[in-house]
Number of protein chains: 2
Amino acid sequence: MTRPIYQVKAEFFKTLAHPARIRILELLQDGERSVGELIPEVGLEASHLSQQLGILRRANIVQSRKVGSTVRYSVSDRRIFDLLAVAKTILTGTLAEANQLLAELEGVEFTKLQPPPREAPRQEI
Amino acid sequence: MTRPIYQVKAEFFKTLAHPARIRILELLQDGERSVGELIPEVGLEASHLSQQLGILRRANIVQSRKVGSTVRYSVSDRRIFDLLAVAKTILTGTLAEANQLLAELEGVEFTKLQPPPREAPRQEI
DNA sequence: TGGCGAATTGATGTTCTTTTCAAGTTCGGC
DNA sequence: GCCGAACTTGAAAAGAACATCAATTCGCCA
């Protein structure tokens, strides 16, 4: 084995941990895109976008091929979309629950709490 | 909606993007753990571990409850383990493929390539 | 073959994260 | 009440990532 699994996973998540890189992957879900096509869609200037694409490429998350004078990108493994989908269900789920909890707290104890809590209160036994 | 989905996802992945935090989640897969139990298992000193737990807690990925003088942690949503499982299949998959590719390159073109490439070569059309 | 468009790379300042240490809180036992 | 154990918090140094600009490569075509 190369390195502990938790370290490899952490690096993997780190390469995903940037809004532009997530955006790029979302766009590539509809199929291959050239850098020129991505620029307006992602909203970064060419060199910055290229840096972000490089990070995804070096992590083997996307791959590129030259077509004439352009470079076209696509994902290396479509299971990455499963990952994004699971992340989405977790986020919508927990956010929904967290918001509900916050709403309850605000309704019941708003006058007591000054200032309101930033994170969900610790659950007491 | 609060913010664009790609931004929320990026933040979510960012909270996971640390070896110790992944390790903590792996350990919590077997059930609730106190901070004192986690210290030797994760291998961080108390204050450092507490910082990392705080990051997971503020992101609602784990929750804590006091039991006597100890604090016990557990995951808020077990679907996080689905996420880690999908990540694992992607990593074992692409790493296996990448290693195979590298092995092929080294075998066939080792004398030609000086130095050997760091990333998979661009696919030509 | 000279120049232009497409994309990447390198270098650099800035900002964010990680790590460490000291100080603080909370709880239980004496 | 006071002390020690279990954690957490705050602040500051060290390290990593991000964003930006200039310079470079590569292919095309006039």
Side-chain angles (χ1 to χ4, degrees), chain A residues 6-7 10-24 27-28 32-59 61-74 115 117-125, chain B residues 6-7 10-24 28 32-59 62-74 115 117-125:
Chain A
Y6 55 84
Q7 203 172 333
E11 271 172 40
F12 176 60
F13 286 128
K14 194 171 291 183
T15 67
L16 298 178
H18 190 287
R21 296 197 288 270
I22 297 289
R23 192 82 243 279
I24 290 166
L27 290 165
L28 293 183
E32 205 183 43
R33 287 278 207 299
S34 71
V35 176
E37 287 165 356
L38 287 172
I39 289 176
E41 296 178 309
V42 177
L44 298 184
E45 56 152 346
S47 78
H48 193 187
L49 177 59
S50 203
Q51 305 260 24
Q52 302 301 335
L53 287 168
I55 291 169
L56 290 173
R57 180 160 34 81
R58 279 184 289 278
I61 291 172
V62 302
Q63 59 192 181
S64 64
R65 66 187 182 104
K66 295 200 77 165
V67 177
S69 68
T70 71
V71 178
R72 302 185 65 78
Y73 279 86
S74 56
R118 295 271 162 57
E119 53 179 296
R122 173 170 293 152
Q123 170 192 347
E124 297 291 344
I125 56 169
Chain B
Y6 55 85
Q7 203 172 332
E11 270 171 41
F12 176 60
F13 286 128
K14 194 171 290 183
T15 66
L16 298 178
H18 191 287
R21 296 197 288 270
I22 296 289
R23 192 82 243 280
I24 289 165
L28 293 182
E32 204 183 42
R33 287 278 204 302
S34 72
V35 178
E37 288 164 354
L38 287 173
I39 289 175
E41 296 178 310
V42 178
L44 298 183
E45 56 152 347
S47 78
H48 191 187
L49 178 59
S50 202
Q51 303 263 23
Q52 302 302 335
L53 286 169
I55 291 169
L56 290 172
R57 181 160 32 82
R58 279 185 289 278
V62 302
Q63 58 192 184
S64 65
R65 66 189 183 102
K66 295 200 80 166
V67 177
S69 68
T70 70
V71 179
R72 302 186 64 76
Y73 279 85
S74 57
R118 295 270 163 57
E119 55 177 296
R122 174 170 289 151
Q123 171 194 347
E124 296 290 343
I125 56 170

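Per chain, numbering begins at 1; letters A, B, ... match sequence-line order.
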> With distance as the sole test, does A:R23 use its side chain to make a donor-acceptor pair with the main-chain N or O of A:E41 at under 3.5 Å?
Replying inline: yes
> Quick one: which of D:dC7, D:dA19, D:dC28 gets closest to the side chain of B:S50?
Replying inline: D:dC7
>> A:L38 vs A:L53, test: side chain to side chain contact (heavy atoms under 4.5 Å, CB included). Steps then yes/no.
In response: CA-CA 10 Å; A:L38 287 172; A:L53 287 168; 4.1 Å; yes
> If you check the A:E45 side chain, which of D:dT8, C:dT9, D:dC21 turns out closest?
Replying inline: D:dC21
> Does B:R72 put a side-chain nitrogen or oxygen below 4.0 Å from OP1 or OP2 of D:dC7?
Replying inline: no
>> Nearest whole Å is fine: how far is D:dA17 P from A:I55 CD1?
In response: 9 Å
>> Counting only side-chain heavy atoms from C-beta out, which of C:dA7, D:dC7, C:dT9 sits nearest to B:S34?
In response: D:dC7
> Between D:dT20 atom P and A:I39 atom CD1, what is the distance in whole Å?
Replying inline: 14 Å
> Could you give the CD-to-P distance, from A:Q52 to D:dC18, as a whole number of Å?
Replying inline: 6 Å
> B:T70 near the nucleic acid: base, sugar-phosphate alone, or nothing, with a heavy-atom cut-off under 4.0 Å?
Replying inline: sugar-phosphate
> If each of A:E37 and A:K14 is mapped to the nucleotide of DNA chain C with the nearest heavy atom, which maps nearer the 5' terminus, i.e. the 5' end?
Replying inline: A:E37
> Quick one: A:L53 CG to D:dA19 P, roughly how many Å, whole number?
Replying inline: 14 Å
>> Please evaluate residues A:F12 and A:I61 with respect to the criterion side chain to side chain contact (heavy atoms under 4.5 Å, CB included), reporting the C-alpha separation (whole Å), side-chain torsions for both, the decisive distance (0.1 Å), and the verdict.
In response: CA-CA 9 Å; A:F12 176 60; A:I61 291 172; 3.8 Å; yes
>> For B:Y73, run the side-chain hydrogen bond (donor to acceptor under 3.5 Å, both in side chains) check against B:R57, B:E32, B:R33 and tell me which one passes.
In response: B:R57
>> It should be established whether B:Y73 places a side-chain nitrogen or oxygen under 4.0 Å from OP1 or OP2 of nucleotide D:dT8.
In response: yes
> Which nucleotide sits closest to the side chain of B:H48: C:dA7, C:dT19, D:dT8?
Replying inline: C:dT19
> Of the nucleotides D:dT8, C:dT8, C:dT19, which has the atom closest to the A:V71 side chain?
Replying inline: C:dT8
>> Whole angstroms only, please: what is the NE2-P distance between A:H18 and C:dT17?
In response: 11 Å
>> Under 4.0 Å, counting only non-hydrogen atoms across every strand here, what does A:Q51 touch: a base, just sugar-phosphate, or nothing?
In response: base
> Would you say B:R65 reaches D:dC7's phosphate, i.e. side-chain N/O to OP1/OP2 under 4.0 Å?
Replying inline: no
> Taking atom C1' of D:dT20 as reference, at what distance in whole Å does atom CG of A:L49 sit?
Replying inline: 14 Å
> How close or far is atom C1' of D:dC18 from atom CD1 of A:I22, stated in whole angstroms?
Replying inline: 16 Å
> What is the distance from CG of A:L44 to C1' of D:dT20, rounded to the nearest Å?
Replying inline: 12 Å
> Where does the angle between the aromatic ring planes of A:H18 and A:H48 fall among parallel (under 30°), tilted (30 to 60°) and perpendicular (over 60°)?
Replying inline: perpendicular
>> Could you check whether the side chain of A:S47 and the base of D:dC21 have a donor-acceptor pair of N or O atoms closer than 3.5 Å, going by distance alone?
In response: yes
